[in-house]
Amino acid sequence: MARLNDQVGALLQEYADLLLLTGGDAYRARSYEKAARSVAGHAGDLDGLDAKGLQTIPGVGKSTAGKIAEYLGTGRIQALEALRADIPPGVREIMGIPTVGPKKAALIHRELGVSTVDELLDAARTGRLDDLPGLGARTAGNIVRGIQVLRSGAGRSLLDAALALAAEIAAAVRAAPGCERCAHAGSLRRMRESVGDVDILAAAHDSAPLMAALTGLPLTAEVLVGGPTKTSVRTTTGVQVDLRVVPPEDWGAAMVYFTGSKAHNIKLRGRAVKAGLKLSEYGLFDAGDGRRIASRTEEEVYAALGLPWIPPELREDRGEIEAALAGGLPVLVEESDLRGDLHTHTDLTDGLAPLEEMLAAAHARGHAYYAVTDHAPDLSMQRMTDAKMLAQREQLRSQAGRHGRMRLLHGTELNIGPDGGVDWPAAFLAGFDICVASIHSHFGLDRDAQTRRLLRACENPYVHVIGHPATRLLGRRDGIDADWEAVYAACARTGTALEVNGSPERLDLGDERIAAARRHGVRFAIDSDAHAVGHLGNLRYGVATARRGGLTADEVVNTWPLTRLRAFLRAKAR
DNA sequence: GCCGTTTTCGGCCCGACTGTTTTCAGTCG
């Protein structure tokens, strides 16, 4: 089950969406949206708060607190259920299609009776949308493309949600009588950016109590397969979970087998065959007499194949087995290598928490340094001004020494305009300790224009890091098109770091581009892009993505001591 | 619906882009 705060946040967001779809006051809807984000990002637990306590959360007033309290008490929100009765769930789904908002979704539903994405796709393809006022053939084409983008990521869970689900299930299975070990495997263990299902592996002599633990969970909506070695369920959130139970002595071989990837396993089995062995989920055996060679631990299985243990993030058959054989596996960066975070926000722009709270939370994470990088004025919705930024700098300087030995850097997240220019003239930029620069709009420019744009940003002596370089949103938006090889070369030449943005919705750069960029000698920054205290932990997903790209600690500038990092930042402006 | 060094009403996230229109509505970040 998702964290209670997230559940409530999702309900408030749904309420806001339904208000918009029913033509309710947009400001009212925005209030609920704001409350939804605020509640989800709230550091404390909602459970146990009364209506008065709830109102201490920013953006939560009397009315919203009442709805949350109602949910905590009864598990329902009457007002929400009333709106749900009016609007089919498919209409809200339609609203989630890029280029479709509440107005178009409501219009299409009202005029054509369309209430599912499939019906909309049909209506778009048969030209029925063109008859509606304000909609034309181009709109229909955009809707069809939008649905395709959405579908390409459909049915997949993002890394943070999948890991949380896996942890909850593994804990329940582990508590079952006779369970000796339990852990997640599959693409989730390889830390892919999104996963289609969640694989859980457990070790026990008797599987029945473990299977019962899974099927009996409140989050289990439906049992798809129920056998002695494998049980598959669908959760209330629609995710398929497979639980496999193996004898404890087979644990290592099963872990290798169920972690995959398929291509990695095929290569391992081929290697086994050549050595007169047979590898399966039950162990590594002598092909002749069937004698068991190895199976208890992963290390044992890999060793018997003449290989060192290979980190799961690398098991994609992208050369890791060859590298392992040659003794050239990279020593991958670990979360504990990170000394700081170089891209974070506060409530001065679109963050949720005030500066002091973010600093305190960052200090609690043990950071040696921490950069505050709120948005700059070109993102006009954030209403940044020179004066506000300078006041924040003063505020930050006054915090120096109040958070142990953590050093504070004053930075900003600049906006890379369509021509590659950024907010503020050089003289103002020179006042920052660090500048991240990111693309936030004009995603549709052609390849040449996007490349020129990124190259110009790299050439800017005050731009130290390119933030979320590809600008993708997983399952919702493909990134921009650019000549990436040219961008990597420019980053390497100019000493500009590329960000590995740890937000589970971005993971940008992605693993394959990281691997390509590092061949140019590019440096990277693994950042949380935190907009709330709870997001500071996003570094975990950034590290996982960096590991998939094969990064070592030395290639990541925020693993460096502050003096080396500062030298890197200074070198840019020379 | 929320909020307050313009404080109990009247603002609130502004500006650009897209696609449909000839002056604008809807969407997005």
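Values below: every heavy atom of this structure, side chains too, minus hydrogens, waters and symmetry copies. Order of the sequence lines sets the chain letters (A, B, ...), proteins ahead of strands, with each chain counted from 1.
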When you measure from the side chain of [X] to the backbone N and O of [Y], does any donor-acceptor pair fall under 3.5 Å?
{"X": "Ser38(A)", "Y": "Ala35(A)", "result": "no"}
{"X": "Asn415(A)", "Y": "Asp378(A)", "result": "no"}
{"X": "Arg76(A)", "Y": "Glu70(A)", "result": "no"}
{"X": "Thr349(A)", "Y": "Gln382(A)", "result": "no"}

Just the rounded figure in Å: distance from [atom2] of [N] to [atom1] of [X].
{"X": "Leu20(A)", "N": "dG1(B)", "atom1": "CG", "atom2": "P", "answer": "14 Å"}
{"X": "His440(A)", "N": "dC14(B)", "atom1": "NE2", "atom2": "P", "answer": "18 Å"}
{"X": "Met384(A)", "N": "dG29(B)", "atom1": "CE", "atom2": "C1'", "answer": "16 Å"}
{"X": "Glu505(A)", "N": "dG29(B)", "atom1": "CD", "atom2": "P", "answer": "11 Å"}
{"X": "Ile94(A)", "N": "dT27(B)", "atom1": "CD1", "atom2": "P", "answer": "12 Å"}
{"X": "Ile143(A)", "N": "dT20(B)", "atom1": "CD1", "atom2": "C1'", "answer": "13 Å"}
{"X": "Asp130(A)", "N": "dG19(B)", "atom1": "CG", "atom2": "P", "answer": "14 Å"}
{"X": "His109(A)", "N": "dG26(B)", "atom1": "NE2", "atom2": "P", "answer": "17 Å"}

Scan [range] against DNA chain B and write down, sorted by residue number, each residue with any heavy atom closer than 4.0 Å; if none is found, say none.
{"range": "residues 63-82 of chain A", "value": "Ser63(A), Thr64(A)"}
{"range": "residues 44-60 of chain A", "value": "Pro58(A), Gly59(A), Val60(A)"}
{"range": "residues 470-483 of chain A", "value": "Arg477(A)"}

When you compare [N] with [M], how far apart are their [atom1] atoms, in angstrom units rounded to a whole number?
{"N": "dC13(B)", "M": "dC17(B)", "atom1": "P", "value": "22 Å"}
{"N": "dC9(B)", "M": "dC14(B)", "atom1": "P", "value": "23 Å"}
{"N": "dT23(B)", "M": "dC28(B)", "atom1": "P", "value": "25 Å"}
{"N": "dT6(B)", "M": "dC2(B)", "atom1": "P", "value": "22 Å"}
{"N": "dG15(B)", "M": "dG10(B)", "atom1": "P", "value": "24 Å"}
{"N": "dA16(B)", "M": "dT20(B)", "atom1": "P", "value": "22 Å"}
{"N": "dT8(B)", "M": "dG1(B)", "atom1": "C1'", "value": "14 Å"}

What's the separation between atom [atom1] in [X] and atom [atom2] in [Y], rounded to the nearest 0.5 Å?
{"X": "Gln78(A)", "Y": "Leu80(A)", "atom1": "CD", "atom2": "CG", "value": "10.0 Å"}
{"X": "Leu112(A)", "Y": "Asp131(A)", "atom1": "CG", "atom2": "CG", "value": "8.0 Å"}
{"X": "Ile514(A)", "Y": "Arg547(A)", "atom1": "CD1", "atom2": "CZ", "value": "12.5 Å"}

Pairing partner of dT8(B), by Watson-Crick or G-U wobble and under 3.5 Å for both distances, is none
For residues 464-472 of chain A, which side-chain N or O atoms pair as donor and acceptor with protein atoms under 3.5 Å away, sequence neighbours left out?
{"unit_1": "His464(A)", "atom_1": "ND1", "unit_2": "Cys435(A)", "atom_2": "N", "d": "2.9"}
{"unit_1": "His464(A)", "atom_1": "NE2", "unit_2": "Leu569(A)", "atom_2": "O", "d": "3.4"}
{"unit_1": "His468(A)", "atom_1": "NE2", "unit_2": "Glu413(A)", "atom_2": "OE2", "d": "3.3"}
{"unit_1": "Arg472(A)", "atom_1": "NE", "unit_2": "Arg506(A)", "atom_2": "O", "d": "3.0"}
{"unit_1": "Arg472(A)", "atom_1": "NE", "unit_2": "Leu507(A)", "atom_2": "O", "d": "3.3"}
{"unit_1": "Arg472(A)", "atom_1": "NH1", "unit_2": "Glu193(A)", "atom_2": "OE1", "d": "3.3"}
{"unit_1": "Arg472(A)", "atom_1": "NH1", "unit_2": "Glu193(A)", "atom_2": "OE2", "d": "3.4"}
{"unit_1": "Arg472(A)", "atom_1": "NH2", "unit_2": "Glu193(A)", "atom_2": "OE1", "d": "3.1"}
{"unit_1": "Arg472(A)", "atom_1": "NH2", "unit_2": "Leu507(A)", "atom_2": "O", "d": "2.5"}

Which comes earlier along DNA chain B counting from the 5' end, the contact point of Met95(A) or that of Gly136(A), where each point is its nearest nucleotide?
-> Gly136(A)
Over all strands shown, is [X] touching base, sugar-phosphate only, or nothing at heavy-atom distances under 4.0 angstrom?
{"X": "Pro133(A)", "result": "nothing"}
{"X": "Phe443(A)", "result": "sugar-phosphate"}
{"X": "Leu379(A)", "result": "nothing"}
{"X": "Ser441(A)", "result": "nothing"}
{"X": "Lys62(A)", "result": "sugar-phosphate"}

Phe443(A) six-ring face occupied by Arg477(A) cation (under 6.0 Å, within 45°) = yes
Nucleotide N/O of nucleotides 10-13 of chain B paired with protein N/O under 3.5 Å:
{"unit_1": "dC13(B)", "atom_1": "O2", "unit_2": "Met381(A)", "atom_2": "O", "d": "2.9"}

When the side chains of residues 532-541 of chain A are checked against the rest of the protein, which donor-acceptor pairs come out under 3.5 Å, sequence neighbours left out?
{"unit_1": "His535(A)", "atom_1": "ND1", "unit_2": "His531(A)", "atom_2": "N", "d": "3.1"}
{"unit_1": "His535(A)", "atom_1": "ND1", "unit_2": "Ala532(A)", "atom_2": "N", "d": "3.4"}
{"unit_1": "Asn538(A)", "atom_1": "ND2", "unit_2": "His535(A)", "atom_2": "O", "d": "3.4"}

Counterpart residues, side chain to side chain donor-acceptor pair (under 3.5 Å), relative to Asp483(A) (two or more places apart) =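 Partners of Asp483(A) by the side chain to side chain donor-acceptor pair (under 3.5 Å) criterion come out as none, since no residue qualifies.
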What N/O pairs connect the protein and nucleotides 16-18 of chain B at under 3.5 Å? Give each pair on its own line.
{"unit_1": "dC17(B)", "atom_1": "OP1", "unit_2": "His442(A)", "atom_2": "NE2", "d": "3.4"}

Can I get a per-line list of side-chain donor-acceptor pairs under 3.5 Å for residues 44-51 of chain A, giving both atom names and the distance, sequence neighbours left out?
{"unit_1": "Asp50(A)", "atom_1": "OD1", "unit_2": "Lys52(A)", "atom_2": "N", "d": "3.3"}
{"unit_1": "Asp50(A)", "atom_1": "OD1", "unit_2": "Gly53(A)", "atom_2": "N", "d": "2.7"}

Option from Arg456(A), Arg452(A), Arg453(A) for which salt bridge (charged side-chain N to carboxylate O under 4.0 Å, His left out) with Asp419(A) holds =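 The salt bridge (charged side-chain N to carboxylate O under 4.0 Å, His left out) with Asp419(A) is passed solely by Arg456(A) among Arg456(A), Arg452(A), Arg453(A).
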With sequence neighbours left out, the residues meeting ring-ring contact (aromatic ring centres under 6.0 Å, His included) with His109(A) are none
How would you list, by chain and number, every residue that makes a ring-ring contact (aromatic ring centres under 6.0 Å, His included) with Phe432(A), sequence neighbours excluded?
->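 Applying ring-ring contact (aromatic ring centres under 6.0 Å, His included) to Phe432(A) gives His410(A), Trp424(A), Phe428(A).
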Contacts under 3.5 angstrom, residues 135-146 of chain A side chains, donor-acceptor by atom type, not counting sequence neighbours:
{"unit_1": "Asn142(A)", "atom_1": "OD1", "unit_2": "Arg145(A)", "atom_2": "NH2", "d": "2.6"}

Determine, for Glu335(A) against Arg365(A), whether the closest basic-nitrogen to carboxylate-oxygen distance falls under 4.0 angstrom.
->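 Judged by the 4.0 Å cut-off on N to carboxylate O distance, Glu335(A) and Arg365(A) do form a salt bridge.
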Arg192(A) and Ser187(A): side chain to side chain donor-acceptor pair (under 3.5 Å), yes or no, with the steps?
-> CA-CA 6 Å; Arg192(A) 294 253 330 239; Ser187(A) 55; 5.8 Å; no
